[in-house]
Amino acid sequence: MFRQKGVAAVVAGAVYEAREIEERWRRAWEQQGKHRAVDDAARPKYYCLDMFPYPSGAGLHVGHWRGYVLSDVWSRYKRLNGYEVLHPMGWDAFGLPAENDAIKKGIHPAVGTARNIANFKTQLQSMGAMFDWSRELNTSTPEYYKWTQWIFLQLFDMGLAYRKEMPINWCPSCKTGLANEEVVDGGCERCGTPVTKKNMNQWMLKITAYADRLLEDLDKLEWPEKVRKMQANWIGRSVGARIRFAVPALGEQIEVFTTRPDTLYGATYMVLAPEHPLVSALTTAAQRDAVEQYTVSALGKSVLTRQIQDKTKTGVFTGAYAKNPLSGQDIPIWIADYVLMDYGTGAIMAVPAHDERDFEFAAAFSLPIVQVIAPVDPLSGNDASADFRTPRALGHGGGNADADELTQAYTGSGALINSGLYSGMTVEAAKRQIVADLALSGMAEETVTYKLRDWVFARQRYWGEPIPVVHCDTCGIVPVPERDLPVLLPDVERYEPTGTGESPLAAIASFVNTTCPTCGGPARRETDTMPQWAGSCWYFLRFADPHNDREPFDRDKVNHWLPVDMYIGGVEHAVLHLLYARFFTKVLADRGVIGFDEPFARLFNQGMMTLNGAKMSKSKGNVVSPEDLVGKYGTDTLRLYEMFVGPPEVDAEWNPRAIEGVHRFLSRTYRLMMEAAPSAPQAESEKLNKLRHRFVRQVTERLESFRFNTVVSAFMEYVSALRDAPERLDRATLETLAVCIAPLAPHLAEECWQALGHRESVFDSSWPAVDERYLVDDTVVIVLQINGKVRERVSIPQGASEDDVARVASEHAGFQSALGGRTVVKQVYVPGKLFNVVVR
RNA sequence: GCCGAAGUGGUGGAAUGGCAUACACGACAGACUUAAAAUCUGUUGCCCGUAAGGGCUUGCGGGUUCGAGUCCCGCCUUCGGCACCA
C-alpha cells in the first residue's frame, strides 16, 4: 500500500493517499524542529495550552482528540498570524488510578505510568499536532516534583500550609482523605463510593485566605460565564454578621452567623450542629441521654444521607436557654443535623418565619413562629403580606393580621414589624442598624463567610509527592531544607493503602526514620503524600522553562510566556484544577516568584463526544478509538471531522458515517489542487478574486469566533465554487486555499504548498489579508416583500436609493399583481437586503 | 429548591432583528461500469394539488416590530452545576 510518490509525479486523477502524505510531513516537521517554541523570538508570543492528560491505561479516544485538535488548529492559526506559539504537552502522572491499577496487576505504578505515557505519546503524535515535545514534562519525576515540593515549602513558610485535627471527608474505598471539591453528590469524585467523615490530623492549605481575590479576579478573565459562575458559587461569599447570644445559666456565649440580622426579633430558638463544642456543656441532665443518642446517630450518617438524601428535620432539645439580645426573651437551644459544623460558626439563630429550613423545623417540633418582616408592595407601598398568610383567621388571633399563621417562610424583602424600636424600618436599613447597635456592646459585628473551605492537602496513599517536612520531638514540624529536595518517593514492593489513616510510606522504616534538619536529633518524615492536583497546579509555569534544575523556572522566561493566552480543556475541572491552579499562581505572585497573578487569560471548554448518548469511556464500552479512523481516512480527515461535528463547546454524538463526507471533501480538495497546481496561471480574474476574498473574510471571522464547524462548511462551499468555476484556477486562489486549510489539515496543506512549488513550509507563510474592494458588488439582489413576506427578487445597482427601488417595484408586473391594488400604508427599505411594502 | 445552557427537516447542524432549513449525513433517481465499489449529476422540511400554484413550519402560549428562530413576558421538556451554606 505504501507507494513512494514524489509530488512532481502527481498527475490528473491523483489519489489522496493520506497516510503516506501525513507520515512524510510528520517526519519532516520533526527533523526540522518545526514546533519548537523559541524563547527570544522577535515575534510576539502566544501560549496555547491543553489541559495535560492523565495517562490512563485506556488510551485516548476520539472524545479526547476534540480538545487537542481544537487547540492545535488555534495554535497553527496563531502561528500563521505571526505569533511565536508555545504549544506544549506533558503528563499529569501522579494519582490514584495508576496506583490502583498497579495494585491490581502487580506492576509498579512508575512502570505502568511509563508504559501509558509511551502509548499516549504515540497516539498524540499521530494527531499531527504542533506540540513542542522538547518541553515534555512528567509530574511524577523527581526533576519535576522536586519543585512541587519546593512550592509546598513556600506555602509552609508563608503560613498557608498547616496541620489540623478535624473531621474530613474520607473515601472508604480509596482509603484516603478527600478535599471538599472531590466530593460529588456525597460520593468520591474518583470512584463514587459514599464519603464518610473521619477525624484526622493532616495537612491543609489556607485557600480561604485567597477567597476574596479568587472571587474578584474572576472578572479579569475571558472565561466562559458558566465556569466563572461555578467558581463564584463554590467560593460562596456571604455577607452577614456574627451575633453572640448569652446563656446566662452557664455564663457561656453562643456565636452565630446570619445574613439576616434584621430578623433578630423573630429568632425564637437556636440550633447547634451536633458536633458543636458547647453541646456537652449546655445539655441538662434530663436531656443528656437524648442528646448523646442523637449526636451518635447524626455523626454516623454518611455525608450523602445527612446532607443530600434525607432533608426531613430531626433534632433534640438540649434543655438550655439563651437570651435573645434584642427581645430579651429566653429561647430554647436545640441541636440538629441541618446545621453544619463547618460552615459559619456551627450554630444558628433560628427565625422560622423567614427561613424555610427553620420554618420546617419549627413546624416539626411546634416551636413558636414570630413574623417580623411584612412584605411591602414596592409600587404601592401597601402591605402585601396577606398573600403569605392563610386566608382564614386562626383561633388565637381572630382577625388580627399579625397573628395570622404563616403557611410558609417569607424570605423576601419588606419592612420590620414586631421588632420594637426597629419596627417600620426596611430590611436593608435594619440589617445595618441592628448590627451597629449590638456592636456597641460587643455583641455583634459585620463579617463575611465563605462556602469555600481550606484545602485538605494530604493523601494517605503511595503514588504522590511526599510532603517535604519532618516531625521532630524537640523542634516540632520542620521543613526539609531546600538543598535536600527532592524528598524521593521510595521505590518499594508494597504500596497498598493501609486504611488506618496512615499512608503506606509509614511502614517503610528507611523512609520514615531520619534526622531533624534543625537539631540533628532523630526525627520522623511526614508520610502523607500530596493530592493528585498538586502537580497540575503549576505545570503551566514549568513549560516556560521545563529543564531548569536550579529553580522551578527562570523568572524572565515565565514572565515572558505566561499567562497562558488560551487554555483548552473539559468543563469537569471548573472548580477543581482551575481553582487550585489560580490559588497557586496567586501565592507564587505574592511570594514574588512570578509577575502575574492569574494563570489563564482565556479559557475554552470543549464539549464532550458521546456515543449512544453517553460520555465515551472504556468502562462503559462505548469508545471510538482514533487509530482505526486514522488508518482508514488519515489524520487530517479525523481532525476535520472533529471540527465539523458541531459547535465546539457543545456535546456531540459520534456519527460513524458523517466522517465519510469530510473525507470526500478532502479528497476533492486534493484532486482539485493537484490537477490545477502544475499549470496555474499567475493572472488573476475578477470573479475568482471576489470568491477568494469573500472566503477569506468568512473563514477568518468564523475562526476568530471559534465557530469551527462553520469554518469547515466555508471550505466546502469554496471548494465547490472553485470546482464549478469555468476558468483555470490562478496561483493566488490555490495558495490561499492551501494556507487557509493549513490549521485544520496541516499535512494536506503542506503537500499542496509543495505542489505549488514552494520549498519552505506553509507555516512560514502568513494568513491572507482581505481586500475590501472585492467584497462589494456592482449589483445586488434584494427581495421585495409584502407585509414581511417574500414575493419577488430583483437585481438592482449597488447603492440604489429607496426611490429607485420603489420605482423598480412599481414596474415589476409580478409584484404588482401580488399587491392586487391594495392600499400601501408604509414601505421599509433595507439597502442591499430588502424592500417591504405594508398594505391594508 | 436555586443557578445556568439548550429545544430548528429523517439525522448532525446553519442563520449581525431582514430570503429559515447553509454545509454535511441519510434516502431516492440518474450517469459511468459486464457488475460492484469509488466517482460524478439531480431531487429531498411538512400539507393540499396530476400540474401550475397555494398554505403551514424553528418546543407551547402571549407580546414588541413593517418584519421574530433571534428581543420581552409566561409555560413545557431535556441536560449540566450547586444543594439543609444560615
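Letters A, B, ... mirror the listed sequences (proteins, then strands); counts begin at 1.
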* **Non-neighbouring partners of A:R702 that pass salt bridge (Lys or Arg N to Asp or Glu O under 4.0 Å), sequence neighbours left out** => none
* Nearest whole angstrom, please: distance from the P of B:A83 to the CD of A:E181. => 10 Å
* **side-chain hydrogen bond (donor to acceptor under 3.5 Å, both in side chains) partners of residues 641-654 of chain A, not counting sequence neighbours, each pair once** => A:T610-A:E653
* Asked: Would you say B:C40 has OP1 or OP2 under 4.0 Å from some side-chain N or O of A:R723?
  -> yes
* Asked: What nucleotide among B:A86, B:U39, B:A83 has an atom nearest to a side-chain atom of A:V339?
  -> B:A86
* Asked: Is there a residue in residues 696-712 of chain A whose heavy atoms reach under 4.0 Å of RNA chain B, and which residues are they?
  -> A:R707, A:N709, A:T710
* Within the structure shown, what part of the strands sits under 4.0 Å from A:G661 by heavy-atom distance: base, sugar-phosphate, or nothing? -> sugar-phosphate
* Structure fact -> Sorted by chain and number, sequence neighbours left out, salt bridge (Lys or Arg N to Asp or Glu O under 4.0 Å) with A:R582 holds for A:E598
* Asked: Any side-chain heavy-atom pair from A:N180 and A:V456 closer than 4.5 angstrom?
  -> no
* Could you pull out all residues at least two apart from A:E446 that satisfy salt bridge (Lys or Arg N to Asp or Glu O under 4.0 Å)? => none
Please list every donor-acceptor pair under 3.5 Å in which a side-chain atom of residues 824-838 of chain A meets a protein atom from a residue at least two apart or in another chain.
unit_1, atom_1, unit_2, atom_2, d
A:Q827, NE2, A:E802, OE2, 3.3
A:Y829, OH, A:A800, O, 3.1
A:N836, OD1, A:N787, N, 3.4
A:N836, OD1, A:G788, N, 2.9

* Structure fact -> Of the candidates B:U16, B:C3, B:G81, the side chain of A:M230 sits closest to B:G81
* Give a yes or no on whether a donor-acceptor pair under 3.5 Å exists between the nucleobase atoms of B:C84, that is its base, and the side chain of A:K313. => yes
* Asked: Does A:R664 place a side-chain N or O at less than 4.0 Å from the phosphate oxygens OP1/OP2 of B:A38?
  -> no
* Side-chain N or O of A:K229 less than 4.0 angstrom from OP1 or OP2 on B:C3? -> no
